[in-house]
*Asks:* 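Structure provided below as structure tokens; questions to follow.
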Amino acid sequence: MKNLPKLKNTIRLLLLIFLTLSFGNSCKGSKEKKNTLPEQAGIILGFSQIGEESAWRKCNTRSVKEAALESGVQLVFANAEQKQENQIKAIRSFIAYLVDVIAFVPIVADGWDNVLREAKDAGIPVLITDRKINTADNSLYAGFIGTDSLEEGRNAALFLIKKFGIKPGESGKEFKPINIVELSGTEGSSVATGRAAGFREVLDEYPQFNIIHSESGDFLRSKGYELMHSILGKYKNIDVVFSHNDGMTLGIIDAMTEKGIKPGKDIVIVTIDAEQAAIDALRLGKVNFVIECNPKMGPEIMDLVQRLVAGERIPRLQHVDEQVFYETDDLSILEPRGY
Ligand code: GYE
């Protein structure tokens, strides 16, 4: 029995060859693994990332990879290319490979119980990152670290109340209706659901705000452009656009500009992520309020992974620090965003 750890490492090495070969082409970030098999694998983390749909996501991936390198965690990285079934396949491969910990970004909130039960049966702890899952069985994962999408939605609404000069508790009767278009993120994702819910939770107290149209742009710039073009053709009385991420907002700005509408002036724009391009648009007055959603959670993820391997309990829920940026802020002091 004393050779068990050696046997486990041999099995892992053989499986890592298999896994690196099988994920070699679809796992964009794993190319650096192809020719460098670990002599002594320390902690091995299987990480399933959803894809590369936005600048935010690419920064999130960089943060995880850089933090793994920094902390000596051996990362087996799988890019799901926006498909939940690819994430489930990758998690099953991590289980077969006997990784020490599994971490993943659930592209949507539902449909994870079966594969997480397999990880639990294999005795592999699971860390949920960035987006949340819906499950009745909290034993299926050790903890969550990511963004507080409900709060992001609330902040978007609180800005509009200020922007339109509405005092708390004022009735909506003496105001003309303020018409809002919402372009939401990936349907079924906890972040799109949370942002929408937080936004409505605050605005429901103010009858002057009307959400006249809400549609998913899937966090994609191209969809933001396409949807905004058609929405502008349909509605002539839009006062506000609430966009669930900066990628879609950049498409929205292009569509408005092409239609002769001044974004941030003719129509108020509120956006989430705080990527560099959105801060630049804020400086130019093309958007009015930017809510940070922090992608740089790699170091915290590695810390939690190491604590799990050490047998420690970790927080069930850990939100990353986030801030907001107003059109009236002094943006000249801001560091480059890095995404
Ligand atoms: O807002 C968006 C990305 O899950 C918080 O996904 C993340 C969201 C982010 O595509 O840009």
Side-chain angles (χ1 to χ4, degrees), residues 28-29 47-64 79-84 86-87 103-110 112 127-134 144-156 182-199 215-225 227 241-253 269-282 287 289-298 300-301 317-325 337-339:
K28 298 250 178 339
F47 190 93
S48 167
Q49 178 60 286
I50 60 177
E52 298 170 335
E53 75 283 359
S54 61
W56 191 98
R57 182 65 53 207
K58 290 171 189 163
C59 178
N60 181 242
T61 292
R62 282 197 304 276
S63 177
V64 166
N79 172 345
E81 295 173 341
Q82 307 299 86
K83 294 191 180 74
Q84 181 177 25
N86 289 347
Q87 290 199 281
F104 74 111
V105 176
I107 186 165
V108 291
D110 295 320
W112 302 100
L127 176 65
I128 312 266
T129 78
D130 174 18
R131 299 182 184 179
K132 294 171 180 157
I133 67 167
N134 295 328
F144 165 83
I145 178 167
T147 54
D148 184 350
S149 47
L150 260 177
E151 195 56 22
E152 291 161 349
R154 293 187 191 111
N155 280 330
E182 177 188 44
L183 285 198
S184 57
T186 302
E187 266 180 274
S189 69
S190 67
V191 281
T193 307
R195 287 169 184 172
F199 190 60
E215 197 168 354
S216 170
D218 210 12
F219 289 131
L220 297 172
R221 177 170 186 164
S222 55
K223 285 296 282 286
Y225 173 81
L227 292 178
V241 171
F242 170 41
S243 168
H244 283 199
N245 90 320
D246 297 344
M248 293 190 293
T249 301
L250 298 175
I252 289 163
I253 290 171
I269 299 180
V270 176
T271 185
I272 300 177
D273 275 354
E275 66 177 76
Q276 190 60 55
I279 298 296
D280 295 345
L282 189 65
V287 302
F289 187 57
V290 178
I291 299 156
E292 182 184 35
C293 173
N294 184 350
K296 301 172 185 172
M297 56 188 89
E300 289 94 335
I301 289 172
L317 177 67
Q318 192 174 331
H319 286 138
V320 290
D321 294 339
E322 297 175 326
Q323 56 181 316
V324 296
F325 302 97
R337 299 292 300 159
Y339 60 108

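For ligands, and for the atoms within them, numbers begin at 1 and follow the listed sequence. Keep in mind that the numbers below use all heavy atoms, side chains included, and drop hydrogens, waters and symmetry copies.
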*Asks:* Under the 3.5 angstrom rule, does the side chain of Ser216 hit a backbone N or O of Gly185 as a donor-acceptor pair?
*Replies:*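 Yes, Ser216 side chain to Gly185 backbone: donor-acceptor pair under 3.5 Å.
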*Asks:* Partners of Phe219 by ring-ring contact (aromatic ring centres under 6.0 Å, His included), sequence neighbours excluded?
*Replies:* none
*Asks:* Hey, which residues fall under 4.0 Å of ligand 1 on heavy atoms?
*Replies:*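 Answer by chain and number: Glu53, Ser54, Trp56, Arg57, Asp130, Arg131, Val191, Arg195, Phe219, Asn245, Asp273, Cys293.
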*Asks:* Checking Thr249 side chain against Ser243 main chain: does a donor-acceptor pair fall under 3.5 Å?
*Replies:*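 Checked: no pair found.
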*Asks:* Checking the side chain of Asn294 only, and the main-chain atoms of Lys296 only, is there a donor and an acceptor separated by less than 3.5 Å?
*Replies:* yes
*Asks:* With sequence neighbours excluded, tell me which residues meet salt bridge (charged side-chain N to carboxylate O under 4.0 Å, His left out) with Glu151.
*Replies:*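 Testing Glu151 for salt bridge (charged side-chain N to carboxylate O under 4.0 Å, His left out), a comparison that skips the adjacent residues, returns Arg154.
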*Asks:* Sequence neighbours left out, what pairs pass salt bridge (charged side-chain N to carboxylate O under 4.0 Å, His left out) with at least one residue falling in residues 183-197?
*Replies:* Glu152-Arg195
